[in-house]
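Below, each value reflects all heavy atoms present in this structure, side chains not excepted, and no hydrogens, waters or symmetry copies. Since the structure is predicted, the reported quantities are computational estimates derived from the model, not experimental observations. We count ligands from 1, going down the list as the structure has it; atoms in each ligand are counted the same way. Along the sequence shown, residues are numbered consecutively beginning with 1.
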Amino acid sequence: MKETSVSIADISALIALAGGIVPADDRDAGAALVHAGPGLAEKMRRGPFGSLYAQGILAANSMAQSSFGCLVSELGAFEVQRVLEWLLVHEAAFFRQLRADVCGMYMSDPAVWQRIGFPGASSDQGGYPDFTQPPTNQPPTNLPTMLITPTPLASVQQFLSKPIQMLIDGKWRDASDGRWIDATDPATSLTIGRFPAGTSDDAREAVQAARRAFRGPWRRMLPYDRGRLLFKLASLIECHADELAQLITLDNGKPLWEAKKEVGTAVSWTEYYAGWTTKLTGETIPISIPGQFLNYTTREPLGVVAGITPPNYPLTMPLYKAIPALATGNTVVLKPSEDASLVALRLAALCMEAGLPDGVFNLVTGYGETVGAALAHDDFVDKITFTGSTEVGRQLVKASAGNLKRVSLELGGKSPNIVFADADLEAALKGVFMGIFFCQGEICSAGSRLFVEESIYDEFVSQLATMARSVKLGHGLDPETKMGPLVSKSQQQRVLNYVQIGNDEKAVALSGGQAPSGSLASGYFVEPTVFAQVNNAMRIAQEEIFGPVVCAIPFHDLPDATAKGNDSPFGLAAGVWTRDIRKAHQAAAALEVGTVWVNCYNAFDNASPWGGFKQSGWGREKGPYGLDLFTQTKSVIINFT
Ligand code: NAD
């Protein structure tokens, strides 16, 4: 790609404009200076929008000169806002691209992201400013009817232009019976590509290849060299970030700014575990057998690891399984979700480009009942690492009994998000909103049960519904889109079915409650839905919906909130919003969940353990805990008396 030259003056202008796009608080302005300026300059230099940026900066500076007599970088905050308003009208393409890029960058920093919150239609709601709306405290309530579908990058078009094969033993292959699965864009329901519908024979062959590779090159490779290959993979993912982000959006439906955040996590995750390859140590144990003995332990890989993943994070989920497994010396057969396999297939190509030996990473696409079940039953698989529904998790446990293969499970959730009246309610509102509507609510940790203290219940829930009505649905590649479609027709139907159940149970939908009409009707959209007058015994409060639907339930005190919060078969995560440190600790101690977030929500980190209590799963991924899932301890006792 041709590079665009970027001057110091261009970078200064970009810093000023980025500072105007994020909400005006000091810390974010500081972050704009540190991250956005250089980051945007890099996008301008190398990205496909270099000339658009150059033209936009020229126009911004000439507008600033003629209106204020100086360059954009010399303007105060008020004047920068006027320049941005002007750009929206006169350089709309530049303005939108700039805003999408700034928000994409900010969203990759969880701390900043937490403060900015989920992008609403205006900065009043914690999102980036929407200059299309006059300043007002009332969020708009109109949903768009136009579906805008920008053209994907040439590299994405090329990847999708022919049938995509799967990877077994380093070779690209069709399914053994020649069948295919159509990949659809969930925003339009149009077919955008196709990939093999693998068979149980294909699964078996991949397992055998992984077994040979485990006994062969991978196990013998020095930890440092294994780490270098994984670092190279991380760097390839980063180099292909824009392409992968677009593929995520086309495959899964989520907006591009969320997809970019996912790619950022993919890079940092791969680097995090690549670093562990040289740090896996055992212990020396002071045993008490008379004589002279040395007892030490080593951490050994398990063998062939099969990863089975859902569609909601089509890039990071496969990596959550594959990278710690590979870093600890195992080989991998991955089966991504049939609803979103394109990104994983592109990832497989990057694994080959990084130089992973044949058979170390295999990818078999196909249906759960065939490929997934074959892997679970295969006696040559040593470990299943699964993320998906509790129902399928239960089946995998049964299927694994044959060779007693190890199983770790990241399953469903119905997480309580508890708001006390003494909380910073503005922050709580943003956190609750983002907690349920991020990723279209298709996230295991979704704060889908909202518990609000009685004294503020009506006001808080009504404000949440107003915010929900302001969300712009659309194609994820349209920079204006705040929320995309659900991943599949069947998921859309499932969510709408639960909305009907909620109506039948006499809950009251204050917002949403249906699939939008107009040009969005052909996609798998569901309007963000806030149910009030819910009690915790209702089906909509007990069963996982996995979509943009929140059930608001009142409570009167802390014991009531935590008792209701715990009254669920799930125990994945919980949120607590309060200014009272005692309440925060008491609630954290009482909640039966794997993760408690206090005054934040969906704050994830590669180093922090993740996993569920109760029927939300077995085991902990991430951080050093994740290493335990893929290693076994060997004890060596030497008599040197
Ligand atoms: P799902 O259980 O239907 O499918 C997940 C994967 O399992 C897919 O690849 C599917 O093909 C495969 N599968 C289906 N039937 C199978 C079988 N009989 N044998 C082997 N494999 C089989 O789940 P989904 O609808 O794709 O994903 C949503 C679920 O995932 C939700 O319950 C959500 O909470 C959960 N999830 C959990 C986490 C977590 O970290 N705890 C993260 C994301 C999603």
Residues K414 and D567 bridged, charged N to O under 4.0 Å:
no
Heavy-atom contacts under 4.0 Å between E621 and ligand 1: side chain, backbone, both, or neither?
neither
Return yes or no for this condition: an N or O of T390 is under 3.5 Å from an N or O of ligand 1.
no
With a cutoff of 4.0 Å, is G612 in contact with ligand 1, counting heavy atoms of the residue only?
no
Would atom 4 (O) of ligand 1 count as contacted, meaning some protein heavy atom under 4.0 Å?
no
Between K254 and Y313, is NZ or CZ placed under 6.0 angstrom from the six-membered ring centre and within 45° of the ring axis?
yes
Which is it for E410 and ligand 1 at heavy atoms under 4.0 Å: side chain, backbone, both or neither?
both
Pairs touching residues 363-378 that satisfy side chain to side chain donor-acceptor pair (under 3.5 Å), sequence neighbours left out:
none
How are the rings of W610 and W597 set relative to one another: parallel (under 30°), tilted (30 to 60°) or perpendicular (over 60°)?
parallel
So, is Q491 polar-close to ligand 1, with some N/O to N/O distance under 3.5 Å?
no
Might you work through the salt bridge (charged side-chain N to carboxylate O under 4.0 Å, His left out) test for K614 and E592, ending with a clear yes or no?
CA-CA 8 Å; K614 301 198 266 187; E592 296 160 359; 3.3 Å; yes
Note: heavy atom closest to atom 6 (C) of ligand 1, options I545, D339, T309, belongs to T309
Heavy-atom pairs closer than 4.0 Å: do any link ligand 1 to the side chain of I443, the backbone, both, or neither?
neither
Could you tell me which residues satisfy side-chain contact (heavy atoms from CB on, under 4.5 Å) with A210, sequence neighbours excluded, listed by chain and number?
V304, T331, V333, N362
Which residue supplies the protein heavy atom nearest to atom 34 (O) of ligand 1, what is that atom called, and how far is it?
E544 OE2, 2.5 Å
Looking only at N/O atoms, are S616 and ligand 1 under 3.5 Å apart anywhere?
no
Counting both backbone and side chain atoms, is some N or O of W610 under 3.5 Å from an N or O of ligand 1?
yes
SB check D201 R204 (cutoff 4.0 Å)
yes
Does any N or O atom in G366 lie less than 3.5 angstrom from one in ligand 1, N or O only?
no
Within the structure, is a non-hydrogen atom of E391 found at a distance of less than 4.0 Å from ligand 1?
no
Looking only at N/O atoms, are T387 and ligand 1 under 3.5 Å apart anywhere?
no
Strictly under 4.0 Å, does any heavy atom of S337 approach an atom of ligand 1?
yes
Atom 25 (O) of ligand 1: protein heavy atom closer than 4.0 Å?
no
With heavy-atom distances below 4.0 Å as the criterion, list the atoms of ligand 1 near N312.
43 (C), 44 (C)
Non-hydrogen atom of P311 closer than 4.0 Å to ligand 1
yes
